[in-house]
Amino acid sequence: MKYTQLGRTGLKVSRLVLGTMNFGPQTNESDSHAIMDSALGAGLNFFDTANVYGWGENKGRTEEILGTWFAQGGGRRDKVVLATKMYGNMGADGEAWPNHDKLSAANIRRAVDASLKRLQTDHIDLYQFHHVDRNTPFDEIWQAIDVLVQQGKILYAGSSNFCGYKIAQANEQAARRGSLGLVSEQCIYNLVERRAEMEVIPAAQEYGLGVIPWSPLHGGLLGGVIKKTTEGGRRASGRAADALADPATRAQLQAYEDLLDKHGLEPGEAALAWLLTRPGITGPIVGPRTAEQLDSALRALELELPEAVLTGLDEIFPGPGPSPEAFAW
């Protein structure tokens, strides 16, 4: 396993992050525990979840599955860098109450205590804001976070789905308070969706945040979707079906799969390996539903993409260019 520092902190984390969103909704508790055992056995120490995972009437279920895994002992909790997120309303559908969502000090306090109970632990290593809250000032947010750090309930704070200027606002306000501020940003970033390169990733690098890409395969599109649907005799659905219905997108994905096939590379592994070459990236989140998917993700760590492949990927999926040069002289 390869490790790196999380942003400007002294915390060492694996270059792959185990995403747990499928635990509960698609992967049962027993299989989820087995996947976590395999991940930890491979040296993967960075686990990511969120209080809303489980979704619908089962919000919080994913954190509970992690909690029962930690409760088995064997040093599981001590070996894991545990990250969770808060923002969404945790009430059952139709039972959403005011102040039970977003980033008010009241909800931050409520949400962290509830997550700690579900996770069966006394602290969270990385506590992340799942979305920006434009109605709560950062001074209030940092006041609440500082209290949690002093209480030992969390160690670090991170953002998710923030734009570049909000990362700057958050850390400028933290600096004025003498607080550590954000140490990570979790954003959508992959070969298909590269807009984070314009503002989000540069802001993260400027302020010393580690960048944790989610959806590294863009909902499966970068996992060889054309070949799988053709050889498997099955029809694509959801995002994949919409993408393949568009002639331009289908041609782009076909060129991508042809390039990797020419070099004997598996598309999903190559897409992860590409992210690991990008500046400022701590490690992408992989969300395996099965042990086989975890094994495939781990192989990406050892994959070194030839220069011809890197050049070809940039030609097929050109980035937006740097800001402001991408849209100004």
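FYI, side chains are in, hydrogens and waters are out, and symmetry mates aren't considered; it's all heavy atoms of this structure. Note that the numbering runs from 1 along the sequence shown for the chain.
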Side chain of Glu185, backbone of Val211: donor and acceptor closer than 3.5 Å?
no
Looking at every non-hydrogen atom in both residues, tell me the closest pair between Arg109 and Val112 and how far apart they are.
O-CG1, 3.4 Å
Check whether Tyr127 and Leu82 end up in the same hydrophobic cluster, where Ile, Leu, Val, Met, Phe, Trp and Tyr are linked by side-chain heavy atoms less than 4.5 Å apart.
yes
Of Arg289, Gln293, Met21, the one forming a side-chain contact (heavy atoms from CB on, under 4.5 Å) with Thr27 is Arg289
Could you tell me whether a side-chain N or O of Asn45 sits under 3.5 Å from a main-chain N or O of Lys12, the two making a donor and an acceptor?
yes
Using side-chain contact (heavy atoms from CB on, under 4.5 Å), reason through Glu172 and Tyr207 one step at a time and then give a plain yes or no.
CA-CA 9 Å; Glu172 289 296 334; Tyr207 285 95; 2.7 Å; yes
Under a 4.5 Å side-chain heavy-atom rule over Ile, Leu, Val, Met, Phe, Trp and Tyr, are Leu182 and Trp214 clustered together?
no
Between atom CD of Glu269 and atom CG of Leu217, what is the distance when rounded to the nearest 0.5 Å?
10.0 Å
Looking at Glu304, I'd like to know if its CD atom is crowded, meaning that more than 12 non-hydrogen atoms belonging to other residues, nucleotides or ligands lie closer than 6.0 Å.
no
Look up atom CZ in Phe129 and atom NZ in Lys85, then write down how far apart they are to the nearest 0.5 Å.
13.0 Å
Side chains of Leu209 and Ser159 in contact at under 4.5 Å (non-hydrogen atoms):
yes
So that I know where these two stand, are Trp69 and Phe23 an aromatic pair - ring centroids less than 6.0 Å apart?
no
Return yes when atom CZ of Arg8 has more than 12 non-hydrogen atoms of other residues, nucleotides or ligands closer than 6.0 Å, and no otherwise.
yes
If the plane angle is over 60° it's perpendicular, under 30° parallel, otherwise tilted; pick one for Trp142 and Phe138.
parallel
Check this for me, if you would: do Glu29 and Arg61 make a salt bridge, where the nitrogen-to-carboxylate-oxygen distance has to be below 4.0 angstrom?
yes
CG of Asp133 to CZ of Phe162, rounded to nearest 0.5 Å, is 8.5 Å
Are Ile285 and Leu275 grouped together when hydrophobic residues (ILVMFWY) are joined by side-chain heavy atoms under 4.5 angstrom apart?
no
Reported CD-to-CG distance for the pair Glu292 and Leu294, which is rounded to 0.5 angstrom:
9.5 Å
Verify the distance criterion only: is there a donor paired with an acceptor across the side chains of Asp258 and Gln254 at less than 3.5 Å?
yes
The reported gap from CD1 in Ile145 to CD1 in Ile108 (rounded to nearest 0.5 angstrom) is 4.5 Å
What are the two closest heavy atoms between Ile201 and Tyr189, and how far apart are they?
CD1-CE2, 3.6 Å
Whether the side chain of Arg76 engages the backbone of Asp37 through a donor-acceptor N/O pair (distance < 3.5 Å, no angle test) should be reported.
no
Any donor-acceptor pair under 3.5 Å from Asn99 side chain to Asn107 backbone:
no
Closer than 3.5 angstrom, by distance alone: can the side chain of Gln128 be matched with the main-chain N or O of Gly158 as a donor-acceptor pair?
no
side-chain contact (heavy atoms from CB on, under 4.5 Å) between Leu244 and Val225, worked out
CA-CA 9 Å; Leu244 296 180; Val225 64; 4.2 Å; yes
Under 3.5 Å, is there a donor-acceptor pair linking the side chains of Glu63 and Thr84?
yes
Any heavy-atom pair between the side chains of Ile167 and Glu206 that's under 4.5 Å?
no
Same cluster or not: Val183 versus Leu148, using hydrophobic residues (I, L, V, M, F, W, Y) connected whenever any side-chain heavy atoms lie under 4.5 Å apart?
no
With side-chain contact (heavy atoms from CB on, under 4.5 Å) as the criterion, how do Gln120 and Thr68 come out once you've worked through the C-alpha distance, each side chain's angles and the decisive distance to 0.1 Å?
CA-CA 7 Å; Gln120 299 193 46; Thr68 56; 3.9 Å; yes
Candidate pair Val309 and Lys262, rule side-chain contact (heavy atoms from CB on, under 4.5 Å), full reasoning:
CA-CA 10 Å; Val309 171; Lys262 176 182 176 181; over 6 Å; no
Residue pair Val147 / Lys153, side-chain heavy-atom distance below 4.5 Å:
no
Evaluate the side-chain proximity of Asp48 to Ile212: yes if any heavy-atom separation is below 4.5 Å, no if none is.
no
Donor on one side chain, acceptor on other, Asp125 and His123, under 3.5 Å:
yes
Please check this pair: side chain of Ser160 against backbone of Gln186, looking for a donor-acceptor N/O pair closer than 3.5 Å.
yes
Counting distance only, does the side-chain N/O of Asn51 pair as donor-acceptor with the main-chain N or O of Ser115 below 3.5 Å?
no
Going by distance alone, is a donor N or O of one side chain under 3.5 Å from an acceptor N or O of the other, for Ser179 and Asp146?
yes
Using only atom types and a distance under 3.5 Å, with no angle test, would you say the side chain of Gln252 pairs donor to acceptor with the backbone of Ile316?
yes
Arg194 and Asp314: which non-hydrogen atoms are nearest, and at how many Å?
NH1-OD1, 2.8 Å
Side-chain touch Leu155/Val149, heavy atoms, less than 4.5 angstrom:
no
If every non-hydrogen atom of Phe317 is compared with every non-hydrogen atom of Leu191, which pair is closest and at what distance?
CB-O, 3.2 Å
Ala271 versus Tyr256, closest heavy-atom pair with distance:
CB-OH, 3.6 Å
Quick one: does any side-chain atom of Lys59 pair with a main-chain N or O of Asn89 as donor and acceptor, under 3.5 Å?
yes
Ile65 vs Met36 side-chain heavy atoms within contact, under 4.5 Å
yes
For Gly210 against Thr282, the heavy-atom pair lying closest together
CA-OG1, 3.2 Å
Taking C-beta and beyond as the side chain, do Glu307 and Leu310 meet within less than 4.5 Å on heavy atoms?
yes
Quick check on the hydrophobic clustering: are Val17 and Leu66 connected, directly or via other members, by side-chain heavy-atom contacts under 4.5 Å?
no
Is the number of heavy atoms from other residues, nucleotides or ligands under 6.0 Å of Gln205 CD greater than 12?
yes
Leu265 side chain reached by Leu305 side chain, heavy atoms, under 4.5 Å
yes
Spacing of CG belonging to Leu313 relative to CH2 belonging to Trp274, to within rounding of 0.5 Å
8.0 Å
